[in-house]
Amino acid sequence: MSLESDVADLWNRYQDGLTAADATDADAAVVNEFLAALETGEVRAAEKTGDDVTSWEANEWVKRGILLNFGLRETEPREYGGVTYYDVLPLRDTEDLAARGTRNTPDGTVIRRGAYLGSDCIMMSPSFVNMGAYVGDGTLVDSCDTVGSCAQLGSDVKLGANTLIGGVLEPVEDAPVIVEDGVSLGAGCRVTSGFRVGENSVVGENTLLTPRIPVYDLVEEEVIYGHLPAERRAFTRMVESSVGDHDLFEGGAYKPAVVATHVEAETLEATRREDALRE
């Protein structure tokens, strides 16, 4: 049987009432093999099915496999840095990172089991990459960054300090946050609720990207939700809110929106000046 079919069988038994206490050694072997496949990049929580950033789809069986690792494991005391913590999973073994030229600085770079980091990545402390996340080759995860469960980051992505990449684990049919190749997110950005950022886009500091906030795409002259097209420069602006007519809002009320324009060559060049970090 394939790993996918093993996970499907285990999921059906879990739905029928299988518990961590009832799980056998064979069941444990399946969830452990699944974690190893995530960590090598053999399986991913989502995949791109077309040319556009909107074509990403969730791999439901992979997300079910992640949920099984929570449902069929007991919370246990574990040790990290001389401190006891309690979780269903240990932290990820990082011995494989050196062979790929990937670095994680000490005192606070936390990589949970089931996370993938590609070649030539840099993780600055403190930062956190959760289970099921995929971090592509050459990507920088800066200080105080979080990469949520199942989030998919492409190659040569740059996350500015204090950036949050949200996770989408449930429902299993929903695609997680997607940040495609070559994207640069300024410090303090938030990308949540399955929002998708197209390749080679540059997003200004403290921008919130979520499906509930409109994106005013000045390139195609349309208002869109849930994604930022490829090769855009995006930043936050305030637009008039419909509640502005209420008596409580003297002078009007405003809400955040995202404005997207063409990304300029000079802007792209400015985001690619940390090559010395990799020499």
Side-chain angles (χ1 to χ4, degrees), residues 44-60 62-63 130 132-134 136 145-154 157-160 162-246 249 252-264 267-268 271:
R44 294 177 62 169
E47 62 183 19
K48 194 173 185 179
T49 60
D51 295 330
D52 191 78
V53 69
T54 59
S55 69
W56 283 84
E57 295 182 1
N59 281 325
E60 295 184 26
V62 174
K63 296 180 78 174
N130 206 349
Y134 184 100
D145 290 348
T146 295
V147 181
S149 179
C150 298
Q152 305 289 294
L153 306 185
V157 170
K158 297 174 181 62
L159 304 184
N162 196 30
T163 291
L164 170 66
I165 305 297
V168 177
L169 184 51
E170 295 184 278
V172 294
E173 65 270 16
D174 284 0
V177 170
I178 305 294
V179 180
E180 292 193 328
D181 297 350
V183 169
S184 177
L185 299 177
C189 284
R190 301 290 186 268
V191 189
T192 68
S193 303
F195 194 93
R196 307 169 188 191
V197 184
E199 62 183 11
N200 297 320
S201 289
V202 178
V203 181
E205 296 179 354
N206 298 313
T207 300
L208 174 59
L209 297 174
T210 182
R212 296 177 298 279
I213 291 181
V215 176
Y216 289 79
D217 185 12
L218 304 187
V219 177
E220 297 295 336
E221 298 186 346
E222 61 181 354
V223 180
I224 54 180
Y225 288 84
H227 73 280
L228 178 67
E231 299 181 350
R232 296 294 194 271
R233 180 171 65 91
F235 45 89
T236 298
R237 288 292 182 268
M238 304 302 291
V239 298
E240 194 168 354
S241 171
S242 60
V243 301
D245 294 332
H246 197 283
F249 295 98
Y254 297 87
K255 62 184 180 182
V258 174
V259 176
T261 66
H262 282 293
V263 65
E264 300 172 351
T267 303
L268 284 175
T271 67

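The analysis underlying the following values was restricted to heavy atoms, covering all of them including side chains, and did not include hydrogens, waters or symmetry mates.
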Identify the heavy atoms of Asp217 and Pro229 that sit nearest to each other, and give their distance.
OD2-CG, 3.8 Å
Side-chain contact, heavy-atom cut-off 4.5 Å: Ile213 with Val258?
yes
Ala45 and Gly132: which non-hydrogen atoms are nearest, and at how many Å?
CB-O, 4.3 Å
Side-chain heavy atoms of Thr146 within contact of Ile165, under 4.5 Å:
no
Assess the residue pair Lys255 and Val239 against the criterion (side chain to side chain contact (heavy atoms under 4.5 Å, CB included)); give the C-alpha distance rounded to whole Å, side-chain angles, the decisive distance to 0.1 Å, and a yes or no.
CA-CA 6 Å; Lys255 62 184 180 182; Val239 298; 3.8 Å; yes
Output yes when a side-chain donor or acceptor of Arg196 lies under 3.5 Å from a complementary backbone atom of Thr54, and no otherwise.
yes
For Asn59 and Arg44, indicate whether the former's side chain and the latter's backbone hold a donor-acceptor pair under 3.5 Å.
yes
Between Ser241 (side chain only) and Tyr254 (backbone N and O only), is there a donor and an acceptor less than 3.5 Å apart?
no
Checking Arg212 side chain against Thr210 main chain: does a donor-acceptor pair fall under 3.5 Å?
no
Heavy-atom check, side chain of Met238 versus side chain of Pro256, under 4.5 Å:
yes
Please name the pair of heavy atoms, one in Pro214 and one in Val223, separated by the smallest distance, quoted to 0.1 Å.
CB-CG1, 3.8 Å
Checking the side chain of Asp145 only, and the main-chain atoms of Asn162 only, is there a donor and an acceptor separated by less than 3.5 Å?
yes
Between Val202 and Arg232, is there a side-chain heavy-atom distance shorter than 4.5 Å?
no
Does Glu221 CD have over 12 foreign heavy atoms under 6.0 Å away?
no
Closest non-hydrogen atom pair, Gly204 against Cys189
O-SG, 3.1 Å
Checking Val147 against Leu159 for the side chain to side chain contact (heavy atoms under 4.5 Å, CB included) test, could you report, in this order, the C-alpha distance in whole Å, the side-chain angles of both residues, the deciding distance, and whether it holds?
CA-CA 10 Å; Val147 181; Leu159 304 184; 4.0 Å; yes
A side-chain contact here means heavy atoms from C-beta on lying under 4.5 Å apart; do Leu208 and Thr236 qualify?
no
Pairwise side-chain contact, Phe235 with Asn206, heavy-atom cut-off 4.5 Å (strictly under)
no
Only residue of Val53, Val263, Leu228 satisfying side-chain contact (heavy atoms from CB on, under 4.5 Å) with Ser201 is Leu228
Which pair of heavy atoms, one from Ala151 and one from Gly166, lies closest together, and at what distance?
CB-O, 3.8 Å
Donor-acceptor pairs under 3.5 Å, side chain of residues 169-181 to any protein atom, not counting sequence neighbours: which ones?
| from | atom 1 | to | atom 2 | distance (Å) |
| --- | --- | --- | --- | --- |
| Glu180 | OE1 | Glu199 | N | 3.1 |
| Glu180 | OE2 | Lys48 | NZ | 2.9 |
| Glu180 | OE2 | Trp56 | NE1 | 2.8 |
| Asp181 | OD1 | Ser155 | N | 2.8 |

Check for a donor-acceptor pair, side chain of Arg190 on one end and backbone N or O of Gly188 on the other, with a separation under 3.5 Å.
yes
Within a strict 4.5 Å, meaning less than it, do heavy atoms of the Val191 and Leu185 side chains meet?
yes
